[in-house]
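Comments concern the structure below.
Along the sequence shown, residues carry numbers from 1. Counting starts at 1 for both ligands and their atoms, in listed order. This structure is a prediction, so every number in the text was calculated from the model and none was measured.
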Amino acid sequence: MGSLNQTDPEISCLLSLEAKRQKETINLIASENYASRAVLEAHGSFLTNKYAEGYPGNRYYGGCENMDATENLAIERAKKLFHSEHANVQPHSGAQANMAAYYALMSYGDTVMGMSLAHGGHLTHGDKVSFSGKSYNFIHYGVNRETERIDYQEVEKLALKHKPRLIVVGASAYPRILDFERFRRIADMVGARVLADIAHIAGLVAVGLHPTPVPYSDIVSSTAHKTLRGPRSGFILCRKEYASSVDSAVFPRMQGGPMMHAIAAKAVAFYEAMQSEFTQYQQAVLDNALTLGTELQKGGLRLVSGGTDNHMLLVDLTEAGVTGKEAQEALEQTHIVVNKNAIPFDTRPPRIASGLRLGTPATTSRGFTIEEMKTIASLIVKVISNIGDEGVKGQVKEEVLHICSRHPVPGIDI
Ligand code: DSN
């Protein structure tokens, strides 16, 4: 067997093209990041060869001694990083972490509350097209029309009315602090349990730059690849009393063999997140998001909720007279990559949307400073204010390529 290039030149070529795309674009997708070379090495390793169904010390296959040690390291590091009593590092993704958490806490058909996708929640928080909406009776809460922040009074009212078995706290497009303690108090009024989904904010939580949900939640689910900068995958934290329900929900109920290469890469990411540089990185993510938001506002763009407390911003393009789809496509022509996003109370369908979601985890990993965020904000404003102007887009693209050339992408050396 030869190298990738010799064995499969087509895929090898696509990898090279993607490396070039990642190097030559400014990535403002709030849920993406660049994993380190160490994380990529573990993830791309021969650990993919090994079956290890079961848990450390209790596997269904021989030859698992190194897998046991690897998974134990990942578990211990996750527990230490998040101050949690128990961790399960086997979920393949955030959606699967949520599925396992639901299995551990509910029966099919139970009533559960979660944030509406249209207001910033996630598909797996009960959207009707997702397994979650099909399997459980979801009641959705959202943001207040005036403040565009979670309406805790509405959450309380809905909880008292519907008496859910579980309240899910977490979001994919919410730029403000989540008050986990408040959700716990509401849940306690009706005897509900709390699942905190920290997929987006895990890196900020790990270093204390977002309040931790761990003391206020029964289970915490997360991905490893967003602000946490690990491999594409999920994991679960919980109290000891839920350890066996969570573990049996993940395996054998939901998954078969764990992806040991991904678990090794998660262990590396947890280790990296314990280093002091990681705290500095997360602070820079916040500083960059704040600067990007302030500069966009100076350029005349409206931010949902008036700003950000975390790594992301939601831009309302209504007054700019441009749809999210148009803005995403125009920016992509200039090598600035973003995603269109519904804003709360959006009148447009999600495929068009009235907003853009922007985030700073990836650019910050690449070493962008607040000075560069100011430039990027001005470029975004320029493109949006001149949406059909090819000349402007050409100029912006040149500037973007120049900025990108000064910042190598971590982990990519081809
Ligand atoms: N698709 C992810 C995001 O972009 O937020 C969530 O699963």
Side-chain angles (χ1 to χ4, degrees), residues 22 25-35 91-102 114-134 138 140 142-143 150 168-178 195-205 210 213 220-236 254 262 266 269 285 289 292 304-305 308-315 324-325 327-328 331-332 336-344 346 350-365:
Q22 291 192 19
T25 53
I26 292 177
N27 181 5
L28 292 173
I29 293 182
S31 51
E32 292 185 7
N33 210 332
Y34 304 113
H92 300 331
S93 68
Q96 295 208 258
N98 283 343
M99 181 183 266
Y102 297 156
M115 189 161 178
S116 147
L117 181 65
H119 285 208
H122 188 252
L123 265 182
T124 60
H125 298 175
D127 195 73
K128 61 183 187 304
V129 300
S130 141
F131 76 90
S132 54
K134 293 184 194 300
F138 262 89
H140 284 117
V143 298
I150 289 176
V168 184
V169 189
S172 285
Y174 185 65
R176 294 300 183 176
I177 296 284
L178 293 163
L195 167 65
D197 177 347
I198 59 166
H200 263 269
I201 55 173
L204 296 168
V205 169
H210 186 293
V220 176
S221 64
S222 188
T223 57
H225 52 274
K226 297 186 176 92
T227 49
L228 195 53
R229 211 163 62 182
R232 183 163 298 279
S233 59
F235 64 97
I236 297 176
M254 183 188 64
K266 276 178 256 197
V285 167
L292 182 62
V304 169
S305 84
T308 179
D309 300 326
N310 60 24
H311 62 295
M312 73 162 79
L313 314 156
L314 205 50
V315 184
K325 181 172 186 288
Q328 177 187 313
L331 287 167
E332 189 158 3
I336 297 176
V337 183
V338 302
N339 67 274
K340 59 180 175 285
N341 213 97
I343 56 168
D346 209 326
R351 277 191 313 280
I352 307 290
S354 299
L356 288 180
R357 186 185 65 166
L358 309 178
T360 51
T363 46
T364 308
S365 289

May I ask you to identify the nearest protein heavy atom to atom 7 (O) of ligand 1, giving residue, atom name and distance to one decimal place in Å?
H122 NE2, 2.7 Å
Taking only heavy atoms of S172 into account, list the atoms of ligand 1 that are under 4.0 Å away from them.
5 (O), 6 (C)
For Y174, the option from I150, L314, I201 that meets side chain to side chain contact (heavy atoms under 4.5 Å, CB included):
I150
side-chain contact (heavy atoms from CB on, under 4.5 Å) between L204 and H311, worked out:
CA-CA 8 Å; L204 296 168; H311 62 295; 4.0 Å; yes
Ligand 1 to H200, heavy atom cutoff 4.0 Å, flagged ligand atoms 3 (C), 5 (O)
Does the protein put any heavy atom within less than 4.0 Å of atom 1 (N) of ligand 1?
no
Under the side-chain contact (heavy atoms from CB on, under 4.5 Å) criterion, do L356 and L331 qualify, and how do the steps go?
CA-CA 11 Å; L356 288 180; L331 287 167; 3.8 Å; yes
Donor-acceptor under 3.5 Å (R229 side chain, G203 main chain)
no
Can you tell me how far the CG atom of N98 sits from the NE2 atom of H125, to the nearest 0.5 Å?
4.5 Å
Atom indices of ligand 1, in the order listed, that fall short of 4.0 Å to a heavy atom of S31
3 (C), 4 (O), 5 (O)
Is R357 touching ligand 1 with its side chain, its backbone, both, or neither, if touching means heavy atoms under 4.0 Å apart?
side chain
